[in-house]
Amino acid sequence: MSIDIQHLREWVGREQVAEQTLEPFPAAALSGLLDRAAPPAVGEALPLPWHWLYFLETPARAATGVDGHPQRGGFLPPVPLPRRMWAAGSLQCESPLRLGAPARKTSTVRSVDLKEGRSGPLVFVTVDHLLAQDGRVCIREEQNIVYREAPTGPAPQPAGEQAAKAAQWSAVLQPDPALLFRFSALTYNGHRIHYDRDYAVREEFYPALVVHGPLLATALLDLLARGRPGVPVRSFSFRALRPAFDTDTLQLCAAAEGDTVELWTQDAHGQVGMTARATLG
């Protein structure tokens, strides 16, 4: 496939601004999904990365592709490669967002790059987000999106790496279909690989339903909050190394050294799926 990267780079610098009151219901719903004892109250800090429940795209059905994603173009460049995933990201928290108050999100396309991978061309789009309340920036976020070719048939998953260290505390996550559906609904994510098993297996050739990368990142930060209750997170970054499925039993793992906490997910064979790092303080 020929990709006109110069045309796609015309989207660099494109900006999108949204304003929204951080209503309590999404936070209460995610609190239930994570089995928290109680959701944050109005006026309290919104945990990281719960702002992902807000400022959501709401495309019309006519503007939605067959995979459930919004059609290409608009704010993001119209990359012609069919598979899109949120592969990595980072957050810098200058002060927490407060639940129940108005907030403003400013998004900017920072870069569009073309690379050649083992399975064909890859297009990387980096988007910066600034989230502010009362005229002050609270969270600076970088989102890394990768686009690639769709497979032409089933293929075995490549072997993953083993964790580099032992966990100091951990928890089990069983990503059943109800969990995936609820997270899709909370984030208004229509991508069918997360809830339509027939589509995921027959059309995109996954072995089962795919666990959302942002769900895993959220679960890792929840593990951190339970292991270090009340300690604020200054920064957080994550990278997806290999997909996880609803047929997996996942281990959420953490190991701290000073103010730095390494986090990761691993499957029943010890293979790492997502890595993350948080700085406390």
Side-chain angles (χ1 to χ4, degrees), residues 29-36 49 52 67-69 83-89 118-119 144-146 148 150-151 153-187 189-227 236-255 261-278:
L30 183 59
S31 183
L33 185 149
L34 296 173
D35 286 325
R36 288 204 171 194
W52 290 344
D67 62 355
H69 270 313
R83 269 201 177 174
R84 182 179 90 179
M85 65 174 294
W86 188 349
R118 288 177 294 180
S119 59
N144 306 117
I145 306 167
V146 62
R148 62 186 179 91
Q157 293 295 316
E161 297 182 359
Q162 301 289 307
K165 58 181 66 179
Q168 294 174 2
W169 74 96
S170 64
V172 173
L173 176 66
Q174 183 62 60
D176 58 66
L179 176 72
L180 303 191
F181 170 79
R182 290 172 69 184
F183 192 78
S184 286
L186 274 173
T187 55
N189 183 346
H191 197 186
R192 292 167 64 184
I193 63 172
H194 303 304
Y195 59 86
D196 185 338
R197 190 178 304 276
D198 188 66
Y199 174 85
V201 173
R202 295 193 179 190
E203 299 296 327
E204 299 218 16
F205 302 108
Y206 288 112
L209 295 177
V210 181
V211 183
H212 317 64
L215 172 56
L216 295 175
T218 300
L220 287 174
L221 274 169
D222 185 63
L223 176 75
L224 174 58
R226 294 173 190 268
F236 176 73
S237 60
F238 70 94
R239 181 171 298 278
L241 303 180
R242 65 197 311 270
F245 305 100
D246 74 313
T247 50
D248 295 332
T249 297
L250 301 176
Q251 195 84 10
L252 307 172
C253 304
V261 183
E262 303 288 343
L263 302 135
W264 66 94
T265 68
Q266 62 186 45
D267 63 17
H269 303 288
Q271 298 177 114
V272 174
M274 174 175 284
T275 60
R277 173 177 292 178

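No experiment lies behind these values; they were computed from the predicted model shown.
- In this structure, CD1 on I193 lies 8.5 Å from CG on D67, to the nearest 0.5 angstrom.
- Taking the side chain as every heavy atom from C-beta outward, T265 and C253 never approach each other to under 4.5 Å.
- Looking at F245 and P207, their side chains come closer than 4.5 Å, going by heavy atoms from C-beta outward.
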- Message: One pair to check against side chain to side chain contact (heavy atoms under 4.5 Å, CB included): H191 and E204. What are the steps and the verdict?
- Response: CA-CA 11 Å; H191 197 186; E204 299 218 16; 3.5 Å; yes

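- Under the 30°/60° scheme for interplanar angles, the aromatic rings of H212 and H194 are found to lie parallel.
- Open room surrounds CZ on F181; 12 or fewer heavy atoms of other groups in view lie less than 6.0 Å from it.
- In this structure a side-chain-to-backbone donor-acceptor pair under 3.5 Å is present from Q162 to H269.
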- Residues W52, W86; criterion side chain to side chain contact (heavy atoms under 4.5 Å, CB included); working and verdict: CA-CA 13 Å; W52 290 344; W86 188 349; 3.4 Å; yes

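- A distance-only check finds no donor-acceptor pair linking the side chain of S170 to the backbone of Q251 [under 3.5 Å].
- Contact of the V172 side chain with the L250 side chain is not registered, since no non-hydrogen atoms from C-beta on lie closer than 4.5 Å.
- A distance-only check finds a donor-acceptor pair linking the side chain of W169 to the backbone of L223 [under 3.5 Å].
- Side chains of F183 and L215 form a contact here, defined as non-hydrogen atoms less than 4.5 Å apart.
- Other residues, nucleotides and ligands contribute over 12 non-hydrogen atoms within 6.0 Å of the CZ atom of R197.
- Geometric assessment of R83 against the ring of Y206 yields a positive cation-pi assignment under the 6.0 Å and 45° thresholds.
- Annotation: side-chain contact (heavy atoms from CB on, under 4.5 Å) contacts of R202 (sequence neighbours excluded): D198.
- For R239, there are no salt bridge (Lys or Arg N to Asp or Glu O under 4.0 Å) partners two or more places apart in sequence or in a different chain.
- Side-chain atoms of F236 and L263, non-hydrogen and from C-beta on, do get closer than 4.5 Å to each other.
- If you take OH on Y195 and CG on N189, they are separated by 8.0 Å, rounding to the nearest 0.5 Å.
- Proximity of a side-chain donor or acceptor of Q271 to a complementary backbone N or O of G160 within less than 3.5 Å is detected.
- Going from atom CG of L173 over to atom CG of L216 covers 7.0 Å, rounded to the nearest 0.5 Å.
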- Task: Could you please spell out the steps behind the side chain to side chain contact (heavy atoms under 4.5 Å, CB included) verdict for D267 and T249?
- Result: CA-CA 6 Å; D267 63 17; T249 297; over 6 Å; no

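- Annotation: side chain to side chain donor-acceptor pair (under 3.5 Å) contacts of R84 (sequence neighbours excluded): H69.
- With 3.5 Å as the limit, one finds a donor-acceptor pair spanning the side chains of Q266 and W264.
- In E161, the CD atom is not crowded: 12 or fewer heavy atoms of neighbouring residues, nucleotides or ligands sit closer than 6.0 Å.
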- Verify side chain to side chain contact (heavy atoms under 4.5 Å, CB included) between T275 and L241, making sure each step is shown before the conclusion. CA-CA 7 Å; T275 60; L241 303 180; 3.7 Å; yes

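- No donor-acceptor distance shorter than 3.5 angstrom exists from the side chain of D246 to the backbone of P175, with no hydrogens or angles considered.
- Distance CZ/F238 to OG1/T218: 8.5 Å, rounded to 0.5 Å.
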